[in-house]
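Only one structure is covered here, and it is reproduced in the block below.
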Amino acid sequence: MQAAATPTIAGAAPAKTYIGIGQIKPLGAALDTPPTGGGCGSHNEDGHASCGSSSGPDDMPAEIWDKVKNHPCYSEEAHHHFARMHVAVAPACNIQCNYCNRKYDCSNESRPGVVSQKLTPEQAVKKVLAVASEIPQMTVLGIAGPGDALANPKKTFDTMRELAEMAPDIKLCLSTNGLALPDMVDEICKYNIDHVTITINMVDPEIGAKIYPWIFHNHKRYKGYEAAKILHERQMLGLEMLTARGVLTKINSVLIPGINDEHLIEVNREVKKRGAFLHNIMPLISEAEHGTVFGLTGQRGPTAQELKAVQDACMGGANLMRHCRQCRADAVGLLGEDRSEEFTLDKIEAMDVVYDLDKRRAYQEKVEAERQAQHQAKVNALSNAFDAGLIAGTGDLTVLVAVATEGHGRVNLHFGHATEFQIYEVNRKKALFVGHRRVDLYCQGGYGEDEQLPSIVNAINDCHAVLVAKIGACPKDELKAAGIEPVDQYAGEFIEKAALQWFADYCERVASGAIAHQARGDAHIRQGAYTGAAAAA
Ligand code: CLF
Ligand code: SF4
């Protein structure tokens, strides 16, 4: 059903003709790429975007590289080394998504919108300084809820303003549904917030109406198609405005099977046209116990292979982020770990907080040297890959391998201590990070929990091998029985090098007839990640 009235945007022409930044183009019509302001609008001749989550300094202008090189969400490499934190200063939201219920909190789980303590801007600043003094590799402060950062503009910008003054080396980042974005771009630029995420799940309001029951805009509640149309137009306008101002914009999309799965390919195309730097396609989380509309109606999330298929279909569009951990609104630490329990308000009060900029810089230089070493190891491993896999009859093989790592780009985690596995797609030419899988901790209180093994196997069931620093005899046997090869001989090695060496060995064994290559099945995406609190329990 069409909307009764077309909403107007202050200062913009009616949404009928596309002129440029500030005006919305009708859906489906061709769009000129807006000025990129140095963002990701530059492309190689093959049409592939020339910068992105796994790109390096040679692939993008120096000023863009400087913005992404230590941002763990904008650079896949950086996420092994640099940490982010969120402060939960933004409780309210101006829309309703069918996958969101902010009332449900479990301190053992990591999901967007989940938070244990809401903070005032003053408390938030104190917390950031405390974390910065304890975790010098924390380079990014994000405001990502638990509601919408821009539906709480005073709290969000009060926090950002203070931090811009008191902690000038910390990059500022925020996440929004985009509804209020066009009105806030000046303020965003004023505080040098140069990383903004917009959650965009559709570019067709018919689809949007299945995701958003209502929005609250200009003092009025809108529902259904009309609500989705306004939201869509505001999202596109906000993205164009940010691109024009040189703000790096990432698009988050929630993959909802049967509602927007194939449609996300069109979303990818539209946001790329408008200068989005990265596109992050995440699986729907919809456990019934969370009490969301989708949880209660039985809307399922995607399987691992469904998620990968949509992500793969978007390759060549806007650059893809595949290392998102769907973090809590109060997450602290490297992506994939959560140290928020170490920084509760009462613990911060007892801390001796010293924000030493020189010390932080010196530490970050060491971390950067480590990141460069990993990058070099990856380049070396990949340049050898062409020789390594040239084994008769195995030239076209591509497999997935799971990797247990606690960071630094190495195979350095015990199987029993992993709360997630990183997934690499490996063939004779490459070892490419393509995602991660959350799992229940196998080793609890010093003992292996055998009942966890089936769920771990389910989570990596599409992988041919799992690379670990160490593994006990019992899980080893069970993994082998499930057709997944446990590999501990590359402990401490850089991941890409280890994955390619294992793959070359695998190809040798297939070629010699020692083993037969067999296709793997699909894998299950575990809903919500265990946090540090759960791991310590
Ligand atoms: Fe936070 Fe988001 Fe900034 Fe990162 S998260 S506001 S861009 S600093 Fe990152 Fe977390 Fe995924 Fe977000 S892993 S949910 S993409
Ligand atoms: Fe929840 Fe974010 Fe959606 Fe608001 S925009 S309803 S906080 S998921």
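Counting starts at 1 for both ligands and their atoms, following the listed order. Residue numbers count from 1 along this sequence.
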Open item on the list: Show me which atoms of ligand 1 lie under 4.0 Å from any heavy atom of K250.
Closed with: 7 (S), 15 (S)

- [ ] Taking only heavy atoms of T197 into account, list the atoms of ligand 1 that are under 4.0 Å away from them.
- [x] 7 (S)

Open item on the list: Heavy-atom distances under 4.0 Å decide this one: backbone, side chain, both or neither, for H323 against ligand 1?
Closed with: neither

Task: Contact with ligand 1 for H195, non-hydrogen, under 4.0 angstrom - done: no

Open item on the list: Over 60° means perpendicular and under 30° means parallel, so tell me whether F433 and H323 are parallel, tilted or perpendicular.
Closed with: perpendicular

Open item on the list: Taking the ring centre of each residue, are Y74 and H195 less than 6.0 Å apart?
Closed with: yes

Open item on the list: Quick one: does any side-chain atom of S75 pair with a main-chain N or O of P72 as donor and acceptor, under 3.5 Å?
Closed with: no

Open item on the list: Any heavy atom of M321 closer to ligand 1 than 4.0 angstrom?
Closed with: yes

TODO: Find all atoms of ligand 1 within a distance of less than 4.0 Å from any non-hydrogen atom belonging to R325, and give their numbers and elements.
DONE: 11 (Fe), 13 (S)

Task: Sub-4.0 Å atoms of ligand 2 with respect to non-hydrogen atoms of G147 - done: 7 (S)

Task: Proximal ligand 1 atoms for C324, defined as those under 4.0 Å from one of its heavy atoms - done: 11 (Fe), 13 (S), 14 (S), 15 (S)

Task: Side chain K347, main chain E341, donor-acceptor under 3.5 Å - done: yes

Task: Option of least heavy-atom distance to atom 8 (S) of ligand 2 (set: C100, C93, A144) - done: C100

Task: Polar side-chain atom of Q364 near backbone of P136 as donor-acceptor pair, under 3.5 Å - done: yes

Task: Which of the ligand 2 atoms, numbered from 1, are nearer than 4.0 Å to a heavy atom of Y99 - done: 8 (S)

Open item on the list: Suppose I only count heavy atoms of P146 and a 4.0 Å limit; which atoms of ligand 2 are within that range?
Closed with: 7 (S)

Open item on the list: Is the positively charged end of R221 above the ring of F216, judged by distance under 6.0 angstrom from the centroid and angle within 45° of the axis?
Closed with: no

Task: Any G145 heavy atom less than 4.0 Å from ligand 2 - done: no

Task: Atom indices of ligand 1 within 4.0 angstrom of C173 heavy atoms, with elements - done: 3 (Fe), 6 (S), 7 (S), 8 (S)

Open item on the list: Between Y99 and N201, do the side chains contain a donor N or O and an acceptor N or O under 3.5 Å apart?
Closed with: yes

Task: Heavy-atom closest contact (P283 atom, I525 atom, distance) - done: CB-CD1, 3.9 Å

TODO: Using a 4.0 Å heavy-atom cut-off, say whether I95 meets ligand 2 through its side chain, its backbone, both or neither.
DONE: both

- [ ] Using a strict cut-off of 4.0 Å, indicate which atoms of ligand 2 neighbour a heavy atom of N177.
- [x] 5 (S)

Open item on the list: Test your reading of the model: is there a side-chain donor-acceptor pair from T249 to the backbone of V247, 3.5 Å cut-off?
Closed with: yes

Task: Donor-acceptor contact present, side-chain E226 to main-chain K223, <3.5 Å - done: no

Task: Side-chain (R234) to main-chain (L179) donor-acceptor, under 3.5 angstrom - done: yes

Open item on the list: Tell me whether ligand 2 is touched by A151 - counting only heavy atoms on the residue side and a distance under 4.0 Å.
Closed with: no

Open item on the list: Test of understanding: given a 4.0 Å heavy-atom threshold, classify the contact between C97 and ligand 2 as side chain, backbone, both, or neither.
Closed with: both

TODO: With heavy atoms of C327 as the reference, note each atom of ligand 1 found under 4.0 Å away.
DONE: 5 (S), 10 (Fe), 13 (S), 14 (S)

Task: Atoms of ligand 1, numbered as shown, that sit under 4.0 Å from any heavy atom of H86 - done: 1 (Fe), 5 (S), 6 (S), 8 (S)

Open item on the list: Within ligand 1, which atoms have a heavy atom of V140 less than 4.0 Å away?
Closed with: 8 (S)

Open item on the list: If you count heavy atoms of other groups shown closer than 6.0 angstrom to NZ of K126, is the number above 12?
Closed with: no

